[in-house]
Amino acid sequence: MRTSQYLLATQKETPAEAEVISHQLMLRAGMVRKLASGLYTWLPTGLRVLNKVAAIVRDEMNKAGAIEISMPVVQPGDLWVESGRWDDYGPELLRIKDRHNRDFVLGPTHEEVVTSLVKNEISSYKQLPLNLYQIQTKFRDEVRPRFGIMRSREFIMKDAYSFHIDAQSLDQTYQRMHQAYCNVFERIGLSYRPVIADSGSIGGAVSHEFHVLADSGEDDIAYSDASDYAANVELAEAIALGQVRAGSAQLTLVDTPGAKTIQAIATLLKCDVKQTVKTLIVKADETSEHEFVALVLRGDHSLNSIKVEKLALIASPLQMADEAAVKAKLYCGFGSLGPVGLSIPVIVDRSAETVADFICGANTEAQHFTGANWQRDVKTYVVEDIRDVVAGDPSPDGNGTLAITKGIEVGHIFQLGDKYSKAMNCGVLTETGKHDLLQMGCYGIGVTRIVAAAIEQHNDKFGIIWPQSIAPFSVVIIPMNMHKSALVKEVAEKLYKDLCDVGVDVLFDDRKERPGVMFNDMELIGIPYSVVIGERNLDNQQIEIKNRKSGEKTLLEVDNLLEYIKNLG
RNA sequence: CGGUGAGUGGCGCAGCUUGGUAGCGCACCUGGUUUGGGUCCAGGGGGUCGUAGGUUCGAAUCCUAUCUCACCGACCA
């Protein structure tokens with residue numbers, strides 16, 4: 001491709017709206033343009049990258065035994081009513097009507113369509129397992145699209161759906177897809193981590209997310225420094241810090257005027273915050289005889305709302321009690337609450353239970369207890385895991401300690417079980433001739449999001465640094481002063497033709513621009529190698545090739561160049 | 001949905017308080033100059049000032065309504 005016949009579309013200035021680096025660079029490098037909130041046009045350079053990512057994903061899917069299909073973007077609303085998601089999915093599901101006033105949706109995902117397909121096409125266990133996938137545009141009407149391509153409303157996703165006669169078969173395919181996902185991210189050249197993801201709401205189901213590690217990620221990932229354990233902080237298990245032990249101190253009431261926060265108490269009583277516990281009051285579940293439940297955490301820990309919501313006693317979604325209601329019920333405000341002598345159910349975090357002789361509110365304004373102990377001073381309570389893990393916690397698998405990093409979710413795999421096959425009655429005849437519902441798995445990769453995530457991970461002050469695997473071009477020819485030098489032009493043209501002939505993705509910058517302009521544009525776009533052709537080196541029969549990532553320049557004989565480029569990674 | 005801020009040429013912005021012929025930088029076009037890291041000079045084209053209504057002799061500027069966008073939060077995966 002010649003730049004003179006291409007839509008390069010680079011920009012010097014960053015549009016004001018671009019917040020994250022990938023968004024800024026994608027706009028400046030001429031990869032995408034915004035059409036409306038969360039909607040982007042992909043320009044030639046961006047599309048080249050997108051297509052390369054898609055090709056790798058497709059290849060790994062095929063290798064893993066998945067079969068490609070293509071389903072409609074527009075789906076009948078009836079299917080969503082059937083699965084129950086017409087009501088459950090909420091406003092993120094964009095609903096439209098056709099000319100006959102029938103309901104349709106723009107597909108945010110395709111469980112309904114694919115289940116409907118398989119229900120009609122598959123009738124025998126002999127046809128299983130089956131794994132179908134597509135690479136296709138999805139639409140989710142996000143409340144707040146942001147970070148450019150990272151969280152847009154329209155995006156491209158690879159979604160696969162597998163169908164099985166039993167859980168064992170599902171698990172086999174699940175493991176195969178897990179491996180295929182690892183292969184994809186390794187081939188692209190991203191630093192990533194598979195993490196344990198939410199599995200609670202569908203009961204017994206298994207789920208993993210794949211995260212590209214980057215500081216701008218929206219998720220916190222906890223991982224072990226000594227094993228493969230990694231989980232989203234939302235659900236990483238927090239194990240007890242130390243043993244439960246009996247204390248020796250006397251339960252003592254102390255005055256703590258004005259001290260309403262844990263920090264203030266610790267300062268006032270000159271103790272470690274780890275010696276305190278804090279008590280939070282939340283709404284109880286409707287089925288409970290109580291209105292409120294008390295949650296007790298060690299002073300320095302924070303509540304994990306996802307874990308708490310899963311407890312039967314607690315209302316879901318989680319609702320914190322308001323202070324006026326707490327005062328009416330318990331006769332004191334937030335700052336002086338404690339588990340001793342409380343008239344509502346008490347749930348204690350595992351690590352809070354290990355604190356002996358602790359300090360807590362006395363349920364009287366401006367007073368606290370010191371030397372409090374479980375069992376002795378608080379008779380009835382339940383111990384649960386209700387806090388967020390923090391860096392330095394022991395890993396739940398018993399190996400090493402946890403560290404926390406930011407991640408961008410680029411893949412999510414899930415053992416669905418029979419959720420959809422049951423709702424839509426999708427089954428087959430088994431070996432014994434009886435009708436059985438299918439077990440399903442679903443597996444998503446955000447193809448467009450990978451492009452943005454790759455940039456978040458690979459950039460410098462000059463622009464993007466593409467891994468060779470997904471670079472829009474493998475190499476760019478930058479001629480110096482070609483419009484004056486017949487020799488430069490001749491060498492550049494010949495090299496361009498030779499590279500095209502051997503199938504290298506080459507860009508030839510034949511614009512009548514100053515060298516600096518060309519260098520800057522090509523570094524911004526992030527092409528892995530630049531071949532600089534100038535009279536200065538041609539006089540010695542040499543050509544310079546520069547590595548975008550390392551900045552390293554190599555001088556080569558003109559005659560050896562073609563071979564050298566063909567052998568580049 | 002709540003809070004905050006912004007809509008002026010393709011992009012980045014000034015002008016608005018105090019109403020009076022719409023400006024700057026980048027980009028673009030022409031000519032010259034320069035040519036191994038975003039040259040310099042001269043000339044030029046392009047804007048219903050988000051939209052609608054109002055006040056006024058006169059509105060980018062004041063008033064009202066409305067739309068859009070961004071950021072923070074909530075929500076979602």
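Just so it is clear, the values below take in all heavy atoms, side chains as well, and ignore hydrogens, waters and symmetry mates. Here is the naming used below: chain letters follow the sequence lines, and residue numbers restart at 1 for every chain. Owing to the predicted nature of the structure, the values given are computational and were not obtained by experimental measurement.
Between the CE atom of A:Met150 and the P atom of B:C76 there is a distance of 21 Å, rounded to whole Å. Distance A:Arg151 CZ to B:A70 C1': 16 Å, rounded to the nearest Å. As a whole-Å value, the separation of A:Leu94 CG from B:A77 P is 17 Å. Between A:Phe155 atom CZ and B:C76 atom P the separation is 17 Å, expressed in whole Å. Rounded to whole angstrom, the span from the NE2 atom of A:His483 across to the P atom of B:G36 amounts to 14 Å. What separates CZ of A:Arg144 from C1' of B:G3 is a distance of 12 Å, to the nearest Å. Per the geometry, CD belonging to A:Glu218 stands 14 Å off C1' belonging to B:C72, to the nearest Å. Rounded to whole angstrom, the span from the CG atom of A:Leu35 across to the P atom of B:G10 amounts to 15 Å.
Between the side chain of A:Glu544 and the base of B:G36, at least one donor-acceptor pair of N or O atoms lies under 3.5 Å. Below the 3.5 angstrom threshold, one finds no donor paired with an acceptor across the side chain of A:Glu513 and the base of B:G38. Side-chain to base pairing of A:Lys546 with B:G37: one donor and one acceptor N or O lie within less than 3.5 Å of each other. With hydrogens and angles left out, the side chain of A:Asn481 and the base of B:G36 share no donor-acceptor pair within 3.5 Å.
Using atom C1' as the reference point in both B:G19 and B:C49, the two lie 15 Å apart (nearest Å). Taking atom P on both B:U66 and B:C1, the two are 13 Å apart, rounded to the nearest angstrom. Comparing the C1' positions of B:C40 and B:U33 gives an interatomic distance of 7 Å, to the nearest angstrom. When the P atom is used for both B:U17 and B:C62, the distance is 5 Å, rounded to whole Å. Taking atom C1' on both B:U55 and B:C71, the two are 34 Å apart, rounded to the nearest angstrom. Nucleotides B:C16 and B:A6 have their C1' atoms positioned 14 Å apart, rounded to a whole Å. Spacing between B:G20 and B:G73 at atom P, rounded to whole Å, works out to 41 Å. Taking atom C1' on both B:U39 and B:G23, the two are 26 Å apart, rounded to the nearest angstrom.
Using a 4.0 Å cut-off between charged nitrogen and carboxylate oxygen, A:Arg85 and A:Glu112 count as a salt-bridge pair. The pair A:Lys138-A:Asp159 meets the salt-bridge criterion, since a charged nitrogen lies less than 4.0 angstrom from a carboxylate oxygen.
Across all strands shown, B:U51 pairs with B:A65; the Watson-Crick or G-U wobble distances both stay below 3.5 Å. Across all strands shown, B:A70 is found opposite B:U4 as a Watson-Crick or G-U wobble partner, with both distances under 3.5 Å. Under the Watson-Crick and G-U wobble criteria, each requiring two contacts below 3.5 Å, nucleotide B:A60 is left unpaired. Of the nucleotides present, none pairs with B:G46 by Watson-Crick or G-U wobble criteria with both distances under 3.5 Å. In this structure, B:C11 and B:G25 make a Watson-Crick or G-U wobble pair, each of the two defining distances being under 3.5 angstrom. Nucleotide B:A77 forms a pair with no other nucleotide shown, judged by Watson-Crick or G-U wobble geometry with both contacts under 3.5 Å. The partner of B:U34 cannot be assigned: no Watson-Crick or G-U wobble pair with both contacts below 3.5 Å exists in any strand.
Heavy atoms of A:Lys512 sit nowhere under 4.0 angstrom from any nucleic acid atom. Within the nucleic acid shown, A:Arg33 has no heavy atom closer than 4.0 Å to any nucleic acid atom. A:Glu19 comes within 4.0 angstrom of the backbone, heavy atoms only, and of no base.
For B:A70, the OP1/OP2 oxygens have a side-chain nitrogen or oxygen of A:Ser37 closer than 4.0 Å. Close to B:G12, at under 4.0 Å from its OP1 or OP2, lies no side-chain N or O of A:Lys12. Of the side-chain N and O atoms in A:Arg514, none sit less than 4.0 angstrom from OP1 or OP2 of B:U35.
Minimum atom distance to the side chain of A:Glu92 is reached by B:C76, of the listed B:C76, B:G37, B:A70. For A:Phe519, the side-chain atoms get nearest to B:G37 when compared with the rest of B:G37, B:G12, B:C72. Proximity note for A:Asp219 (side chain, C-beta onward) versus B:U35, B:U39, B:A77: the nearest is B:A77. Distances from the side chain of A:Pro515 to the nucleotides B:G25, B:G36, B:C75 place B:G36 closest. In this structure, the nucleotide among B:A77, B:C76, B:C13 sitting nearest to the side chain of A:Ala16 is B:C13. Among B:C71, B:G38, B:A70, the nucleotide with an atom closest to any side-chain atom of A:Arg146 is B:C71.
Below 30°, between 30° and 60°, or above 60°: for A:His208 and A:Tyr174 the angle between ring planes is between 30° and 60°, a tilted geometry. Classification of the A:Tyr181-A:Phe185 ring pair by plane angle, with boundaries at 30° and 60°, yields perpendicular.
At least one donor-acceptor pair under 3.5 Å links the side chain of A:Tyr6 to the backbone N or O of A:Thr45. The main-chain N or O of A:Phe473 is never found under 3.5 Å from a side-chain atom of A:Arg48 such that the two would form a donor-acceptor pair. In this structure a side-chain-to-backbone donor-acceptor pair under 3.5 Å is missing from A:Ser530 to A:Lys546.
No cation-pi contact links A:Arg95 to A:Trp80, judged by a cut-off of 6.0 Å to the six-membered ring centre and 45° from its axis.
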Identify each atom pair where a protein N or O and an N or O of nucleotides 7-9 of chain B are less than 3.5 Å apart, giving names and distance.
none

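The structure places CD1 of A:Ile445 at 8.5 Å from CD1 of A:Ile135, a figure rounded to the nearest 0.5 Å. Distance check, rounded to the nearest 0.5 Å: OG of A:Ser152 to CZ of A:Arg140 gives 10.5 Å.
Nucleotides of RNA chain B nearest to A:Ile533 and A:Tyr89 differ in position, and the one nearer the 5' end is that of A:Ile533. Summary of the strand contacts: A:Asn537 and A:Pro15 both lie near RNA chain B, and taking for each the nucleotide with the nearest heavy atom, the more 5' one is attributed to A:Pro15.
Counting heavy atoms from C-beta on, the side chains of A:Met482 and A:Phe508 come closer than 4.5 Å.
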